[in-house]
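Residue numbers begin at 1 in each chain, while the letters A, B, ... track the order of the sequences.
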There are 2 protein chains.
Amino acid sequence: MMGERVSIRLMLADDHRMLREGLRRSMTEHGFDVVGEAADGAEAVDMAGELTPDVILMDVTMPELDGVEATRLVKAANPAIRVIMLTMHADQEVLAAAIRSGASGYLVKDCSTEEIADAIRSAVSGETTLSPALAASMLNEVRKLDPPEQPEEDRVVTKREEEVLQLIADGCSTPEVAERLYISQKTVKNHLASIYQKLDARDRTQAVLQAVRMGIVSLD
Amino acid sequence: MMGERVSIRLMLADDHRMLREGLRRSMTEHGFDVVGEAADGAEAVDMAGELTPDVILMDVTMPELDGVEATRLVKAANPAIRVIMLTMHADQEVLAAAIRSGASGYLVKDCSTEEIADAIRSAVSGETTLSPALAASMLNEVRKLDPPEQPEEDRVVTKREEEVLQLIADGCSTPEVAERLYISQKTVKNHLASIYQKLDARDRTQAVLQAVRMGIVSLD
DNA sequence: TGGCAAATGAGTCGAACGGACTATTCAGGC
DNA sequence: GCCTGAATAGTCCGTTCGACTCATTTGCCA
């Protein structure tokens, strides 16, 4: 209400002094208030608890405690603190871990100070920033994981057999399946025998598991 | 080898003539060769087949055939054609569909022509570009989907029961499990009875399915 | 039109299954 | 020292399962 613009309180966590000093200088020029510097993850967690900065610029690779774990601890102790992770390379596994740790941004270190400043301001307003390189990397991962979709309607088992399988998966016994489908137990058993052959299973448990693996039935 | 720099052949697909003309002008200024314009998805697919452009700038929302489906068809017919999707808003569902369709970039329409030009050049060299807004949106989605991690070692079933479950899941019958674990069939049945209670199952099939759902056993 | 796959039904038989009840041994915690 | 839970083992009994063989009806397609 009073309009007095309070500058954003920033904390740096990186094990390279030179990089910290460079960051401190450029972030100060961008109008941020650098209130503290930590040289490793453990120090960062402690310092964050004392200083409660608005935003932490945290390197991923640090001694004692890596940036991901440090971020997790900081967020656990004080969820209001925003953490922006800095990383050397667009490593897919690290990125996944970083995402889970609850950071508000993921930047590769070769980005400009303007980009960092933007990311800090976005983080304060609750937004998330991702370096293009990291975004693309994540995208490829998602694309890699996703394609397991096989729209080919191979239909290994017949419609009826599929119904039987789903009911079995839902917890029905042979008599119950027969009742549900208004057919005799014999017929159900015949369908099952056919299913066992087709799915290379020797009992209903294996058949259902195989069907789940093949996406023929759902687990719910 | 001859050094003659061939410009990138571009195709536009958007149902708004004005936007197409604006794009054509600015892309031409950026040195691209705009070889065609389509006003809807179906036209885009046909035209792509005839012109085989290097890159298509494809709007997501179009009459006849939406951009996602059109992209899928174009990539199916000619995987070498790169498609960059343009979208109005960072809609999560559309983004997911777009990712699956195999495009090489996803830009929100308020980005600059320089950004579009960069994305086109990246697409030609096989890279993927994502608008920051879309990246953040996707990130939130991943974060939402991921947390279901429960590292709590609740150990619903005992070690031994888990072994039995895994063997059952691997296709063993009660006698076989007994043999494998060097215990009597009776004991296996005791374990199973205990498992049924704990997992609220009434037979081995349900028990294994529940165990799979709970991540107690693996499906290979 | 002839043949083939799907869906239905049936019989027998031995093995496997699941429930109910009981029991012993052993380790860890109160 | 007592109690609990895990792991072991047993009996009895009725049900369910899966293998094997066979038969009928439908619908489709070559």
Dump the pairs, protein N or O against N or O of nucleotides 9-13 of chain C, anything under 3.5 Å, distances to one decimal.
{"residue": "C/dG9", "atom": "OP2", "partner": "A/S184", "partner atom": "N", "Å": "2.7"}
{"residue": "C/dG9", "atom": "OP2", "partner": "A/T187", "partner atom": "OG1", "Å": "2.8"}
{"residue": "C/dG9", "atom": "O5'", "partner": "A/T187", "partner atom": "OG1", "Å": "3.4"}
{"residue": "C/dG9", "atom": "N7", "partner": "A/N190", "partner atom": "ND2", "Å": "2.7"}
{"residue": "C/dG9", "atom": "O6", "partner": "A/N190", "partner atom": "ND2", "Å": "2.9"}
{"residue": "C/dA10", "atom": "N6", "partner": "A/N190", "partner atom": "OD1", "Å": "3.3"}

#### Entry: From A/L57 atom CG to A/L107 atom CG, the distance as rounded to the nearest 0.5 Å
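Those atoms lie 8.0 Å apart.
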
Check: [X] side chain, [Y] main-chain N or O, donor-acceptor pair, under 3.5 Å:
X      : Y      : answer
B/D15  : B/A39  : no
A/D59  : A/M62  : no
B/R82  : B/I120 : no
B/S125 : B/S122 : yes

Check: What bend angle does the helix from C/dT1-D/dA30 to C/dC30-D/dG1 show across its length, from five-pair end axes and to the nearest 10 degrees?
Finding: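 One end axis against the other gives 50°.
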
Original post:
Just wondering, more than 12 heavy atoms not from A/R202 lying within 6.0 Å of its CZ?
Top reply: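 For A/R202, atom CZ is crowded (more than 12 foreign heavy atoms under 6.0 Å).
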
Original post:
Does A/H191 make a side-chain N or O approach to OP1 or OP2 of C/dT8 shorter than 4.0 Å?
Top reply: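 For C/dT8, OP1/OP2 do have a side-chain N/O of A/H191 under 4.0 Å.
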
- Which residues in residues 168-181 of chain B have at least one heavy atom lying under 4.0 Å from any atom of DNA chain C?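 Contacts with DNA chain C under 4.0 Å: B/S173, B/T174, B/P175.
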
Short of 4.0 Å, heavy atom to strand atom, which residues of residues 196-209 of chain A count as contacting DNA chain C?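 Contacts with DNA chain C under 4.0 Å: none.
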
*Could you tell me from which nucleotide to which nucleotide of DNA chain D, 5' to 3', there is an atom under 4.0 Å from chain A heavy atoms?*
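Nucleotide range with atoms under 4.0 Å of chain A: D/dC17 to D/dA19.
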
For atom CD1 of B/I195 and atom P of C/dG18, their distance in whole Å =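 Interatomic distance, CD1 of B/I195 to P of C/dG18: 11 Å.
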
### Query
Is the closest side-chain donor-acceptor distance between A/T187 and A/R160 under 3.5 Å?
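No - no donor-acceptor pair under 3.5 Å links their side chains.
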
Show each protein N/O and nucleotides 24-29 of chain C N/O combination with a separation under 3.5 Å, one pair to a line.
none

